[in-house]
Amino acid sequence: MLNKEFFKRDTLIVAKDLLGKIIVKNDNGIIYKAKIVETEAYLGVDDRAAHTFGDRKTERNKIMYEDAGTVYVYQTYGIHFMLNFVTQDKNIPEAVLIRAIEPLNQFDKISLNRFGKIYNELTSYQKKNITNGPGKLTKALNIDKDLNGNNLFNQSFFVEDDNSIFNIIIDKRIGIDYAQEAIDFPYRFYIKDNSYVSVLKK
DNA sequence: TTCTAGATTTCCT
DNA sequence: GGAAATCTAGAAC
């Protein structure tokens, strides 16, 4: 299990180091395991793309001010949940958004969560799109606001290390067209040639 | 394979 | 009121 010291570091380093790590979620005995293949860093008060830009603290984003290893889940467009891991010391409101994962087990359960049918009945299009986006992976792993404010240091939801070798691509973040000077910041990281990545570099 | 509208919570960026 | 750290179905090509 990755400990608090892992998350209590520079957010860009945590975002990069989370690639290849394994998210483990235990839903009453159903144990999901999935590899993190794409992340984005949100750098707190100076990052116009972050919810906490300008040190704005709201009911929604107050979890970002918590200590390293806290789970921040919020809803966007009214329907999609986004999964984030808080980094840095308490009151430094930075976090890493998990943008894509590669399922390692529970393919039928994940398929039911996403499309209401087992994996073998999915179209090839559905298989390719099963967890390649931040709103998709939360639905696949049955993640919602119940996890908001929890930490990553318990047996029901945590991240574990893995020794896989891969190359990393660095790119600008997705879906922040409003963020002016922050639009082009190279704060997105993903595993090269992994088919579950949401958006490839142009 | 690409486009569009519509889903609807939280905060006004 | 309007947009958001997004996704889907249905249509067109």
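Naming: A, B, ... by sequence-line order, numbering from 1 per chain.
Atom P of nucleotide C:dA4 and atom OH of A:Tyr42 are separated by 12 Å, given to the nearest angstrom. A:Ile174 has its CD1 atom 8 Å from the P atom of C:dT6, to the nearest Å. If you measure from atom CD1 of A:Ile130 to atom P of C:dT8, you get 11 Å, rounded to the nearest angstrom. Between the P atom of C:dA3 and the CZ atom of A:Phe53 lies a distance of 20 Å, rounded to the nearest Å. Note: CG (A:Asp177) to C1' (B:dT13) measures 13 Å, nearest angstrom. A:Asp144 places its CG atom 17 Å from the P atom of B:dT8, with the value rounded to the nearest Å. With rounding to whole Å, A:Gln126 atom CD is found 13 Å from C:dC7 atom C1'. The CZ-C1' distance, from A:Phe81 to C:dT8, rounds to 17 Å in whole Å.
Between A:Arg9 and A:Asp17 there is a salt bridge, since at least one side-chain N of the basic residue sits less than 4.0 Å from a carboxylate O of the acidic one. Ionic pairing of A:Asp47 and A:Arg173 is present here: one or more N-O contacts between side-chain nitrogen and carboxylate oxygen are shorter than 4.0 angstrom.
Counting non-hydrogen atoms of neighbouring residues, nucleotides and ligands closer than 6.0 angstrom, the NZ atom of A:Lys192 reaches no more than 12 such neighbours.
In DNA chain B, stems built from 3 or more consecutive Watson-Crick or G-U wobble pairs, each with both distances under 3.5 Å, span B:1-7 with C:6-12, B:10-12 with C:1-3.
Among the atoms of the strands shown, only primed sugar atoms or phosphate atoms (P, OP1, OP2) are found under 4.0 Å from some heavy atom of A:Arg99. Within the 4.0 angstrom heavy-atom criterion, no nucleotide atom of any strand lies near A:Arg188. At a threshold of 4.0 angstrom between heavy atoms, the contacts of A:Lys139 with the nucleic acid are absent. A:Asn129 comes within 4.0 angstrom of nothing in the nucleic acid, heavy atoms only.
For the pair A:Leu97 and A:Phe115, both in contact range of DNA chain C, the more 5′-proximal nearest nucleotide belongs to A:Leu97. Each of A:Ile176 and A:Arg114 has a nearest nucleotide on DNA chain C; the 5'-most of these lies closest to A:Ile176. Both A:Arg48 and A:His80 sit near DNA chain B, but only A:His80 has its closest nucleotide nearer the 5' end. Nearest-nucleotide mapping onto DNA chain B: of A:Tyr125 and A:Gln180, the residue sitting toward the 5' end is A:Tyr125.
At distances below 3.5 Å, at least one donor-acceptor pair connects side-chain atoms of A:Thr39 with backbone N or O atoms of A:Ala15. Side-chain atoms of A:Tyr190 come within 3.5 Å of backbone N or O of A:Lys201 as a donor-acceptor pair. Formation of a donor-acceptor pair under 3.5 Å by the A:Glu40 side chain with backbone atoms of A:Ile174 is found in this model. Under a 3.5 Å cut-off, the side chain of A:Asn154 and the backbone N or O of A:Phe157 do form a donor-acceptor pair.
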Using a cut-off of under 3.5 Å, enumerate the N/O to N/O pairs linking the protein to nucleotides 9-12 of chain B.
{"residue": "B:dC11", "atom": "OP1", "partner": "A:Thr58", "partner atom": "OG1", "Å": "2.7"}
{"residue": "B:dC11", "atom": "OP1", "partner": "A:Arg60", "partner atom": "N", "Å": "2.5"}
{"residue": "B:dC12", "atom": "OP1", "partner": "A:Arg56", "partner atom": "NE", "Å": "2.9"}

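A:Asn61 and A:Tyr42 are not linked by any side-chain donor-acceptor pair at a separation below 3.5 angstrom, with hydrogens and angles left out of the test. Judged by distance alone, the side chains of A:Lys136 and A:Asn132 do bring a donor and an acceptor atom under 3.5 Å apart.
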Note to self: The test is salt bridge (Lys or Arg N to Asp or Glu O under 4.0 Å); show your working for A:Lys21 and A:Glu160 and say whether it passes.
What the structure shows: CA-CA 6 Å; A:Lys21 301 296 191 286; A:Glu160 66 181 17; over 6 Å; no
